[in-house]
Amino acid sequence: MANLGPPPKIELRHVSKSFQDLKRGRETVAVEKFSLAVQDGEFLCLLGPSGCGKSTILNLVAGFEHPTKGEVLLDGEPILRPGPDRGVVFQEPMLFPWLTVLDNITFGPRMNGGRPEAYLSAAARYITLMGLSGFERHRPYELSGGMKQRVAIARAWITDPKVLLLDEPFGALDAQTRLMMQELLVRVWEQARTTVVFVTHDVEEAIFLADRVCLMTARPGQLKEDLRIPFDRPRNYEDLVPDKRYVELKRQVFHSIREETIKFMSQDAGAGPA
Amino acid sequence: MIFGNRKTLISAAAVATAIAAWTIVGSLGLTTSLFLPPPQEILTTTRELLRDGYRQVPLWGHILVSLARALVAFAAAALTGVPIGLLMGMFPAFHAVLDPFVQFLRPLPKLALIPLVIVWFGIGELSKFLLIYLATFLTVVVSAAAAVLSVKEGRIRAALALGVSPYKLFRYVIFPSVMPDLFTGVRVAIGIGWTTLIAAEMIAANSGLGWMVINASSYLRTDIVMLGILLLGATGYALDLLLVTVQRLAVPWMGKD
């Protein structure tokens, strides 16, 4: 840790987080002694079986929750609360249904006293990038699931955050839409180069998107493997699928995540019926 | 849309059948006018009352008096109940203070309160207003508080991550989020408030639809009782339709999110 350069963009130091489990009347440890440093401009995927605490990590960085033990730092400063320097995209789009697409996208700057000239031109840029042209005046309930999620991504990105946090954003989409969204996200990211933490349980998604994949253990979540993804950008699935390194990497990750899933399932069974 | 039209048609046919059955029962002489006056007789009575009024008050006067009493009470209940309910939803301590009173009074039959209301507030308009107001107010409060608690955690987090202050979170996220539920709550409350009208007009009234029904029953004028019931029902139905229309215009995203 005796690094001479600037501090990492995001740093979690020996973070533990436990919750009161009201149903079972005891504490559940979601994450234990978890440490991770995300470098500036890095695209990192947190991969793990369900219930491994990967969303908890994201919520800690977003500032929605606070660690029971340890520290969560942004640019070396402790994270105390949510803020526009950390954009968040959830599995559900969580748009404001009473606002148009344009008003949803510009919500952050409008709430923070941004100048209309500035945020309207930024919105126009993201509307083009996200393929939302012609839908500015539509309401969220008039859009498809994929389009809603594109609005949500634009809304989080327009504040020009230091980091973008995505919590299984494509988990609720169908397989084809998911592929299109992955390609779109990477295309925009290659221009913006925002530091990204992307939570997923989809192995292929993680390898396709990330510079670095961090694999988590079953609960309590700890770092199991830290893998650098060697493929050049821009990537596409057609080139990756026949690539031997891709096949081997995928096999290795599948194997590792399967072990954790089995552990998680036996844990769950051991705890008795809920 | 086709199905919507068909539903309306089926409903209209059902109503027509009921009225036809009622007419037939009356014209066959199966019942007496005291027991069930046929529709023709009620039409005649309506014409008489339109011409002469009932007990020195024209028929529209009774309708207007009842509507005025109810609408003043509804407006007051919405204007006070919504903010109090929202505050209860936002602040658990405030909720804890008021909740026992609200939960005790809400299911209480408002007729039981008449003696107390008369002792405390007399037999004037204030007592009538208070009975309708109380019934409406309590329902509005409960639904507004529940509406706040049902706002999705994720939507609040999305707003917080965009850097909204607590005041702006309430003004620009929570308030619009609860709008559809508030409308529904006010609608239900008005339905309940309207049913309290009879109770309110039992207190020394000399006009109003509720009073007309009670008064006519003591003279065995079942035709006027039934006319009063029809007018009470129709007015309540019209009020509800009006609210549904306003709701559709004000919160077009209702149920679509």
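We use all heavy atoms of the structure for the numbers below, so side chains are in, but hydrogens, waters and symmetry mates are not.
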Are B:Val173 and A:Phe107 side-chain neighbours, meaning at least one heavy-atom pair lies under 4.5 Å? yes
Pick from A:Leu165, A:Ile158, A:Asn112: which one has the most heavy-atom pairs with chain B under 4.5 Å? A:Asn112
Taking the side chain as everything from C-beta on, heavy atoms only, tell me whether A:Pro93 gets closer than 4.5 Å to B:Arg155. no
Between A:Glu92, A:Arg155, A:Arg139, the one whose heavy-atom pairs under 4.5 Å with chain B are most numerous: A:Arg155
State, with a plain yes or no, whether a side-chain heavy atom of B:Pro252 is found less than 4.5 Å away from one of A:Tyr141. yes
Using a cut-off of 6.0 Å, state whether more than 12 heavy atoms not belonging to B:Phe94 lie near its atom CZ. yes
Is the number of heavy atoms from other residues, nucleotides or ligands under 6.0 Å of A:Phe19 CZ greater than 12? yes
Among B:Ala161, B:Gly154, B:Ala158, the residue with the most heavy-atom pairs under 4.5 Å to chain A is B:Ala161
Nearest 0.5 Å please: distance from the CG atom of A:Leu95 over to the CH2 atom of B:Trp253. 14.0 Å
Is B:Ser165 close to chain A through its backbone or its side chain, or both, or neither, when contacts mean heavy atoms under 4.5 Å? neither
Working to the nearest 0.5 Å, report the span between CH2 of A:Trp98 and CE of B:Met254. 14.0 Å
When every non-hydrogen atom of B:Gly163 is compared with those of A:Pro84, the smallest separation belongs to CA-CD, 3.6 Å
Please evaluate residues A:Met111 and B:Tyr172 with respect to the criterion side-chain contact (heavy atoms from CB on, under 4.5 Å), reporting the C-alpha separation (whole Å), side-chain torsions for both, the decisive distance (0.1 Å), and the verdict. CA-CA 9 Å; A:Met111 289 296 114; B:Tyr172 294 104; 3.6 Å; yes
Heavy-atom count around A:Phe64 CZ within 6.0 Å, excluding the residue itself: above 12? yes
Heavy-atom pairs under 4.5 Å with chain B: which of A:Pro97, A:Pro140, A:Gly63 has the most? A:Pro97
Assess whether atom CZ of A:Arg193 is packed by more than 12 heavy atoms of other residues, nucleotides or ligands within 6.0 Å. yes
Measuring from A:Phe96:CZ to B:Leu162:CG, what's the distance to the nearest 0.5 Å? 6.0 Å
Determine whether A:Asn59 and B:Arg157 make a side-chain contact, defined as any pair of heavy atoms from C-beta on separated by less than 4.5 Å. yes
Contact part of A:Arg86 toward chain B, heavy-atom cut-off under 4.5 Å: side chain, backbone, both or neither? backbone
Calculate, to the nearest 0.5 Å, the distance between atoms CZ and CD belonging to A:Phe90 and B:Glu153 respectively. 9.0 Å
Considering only heavy atoms, which portion of B:Val251 lies under 4.5 Å from any heavy atom of chain A: side chain, backbone, both, or neither? neither
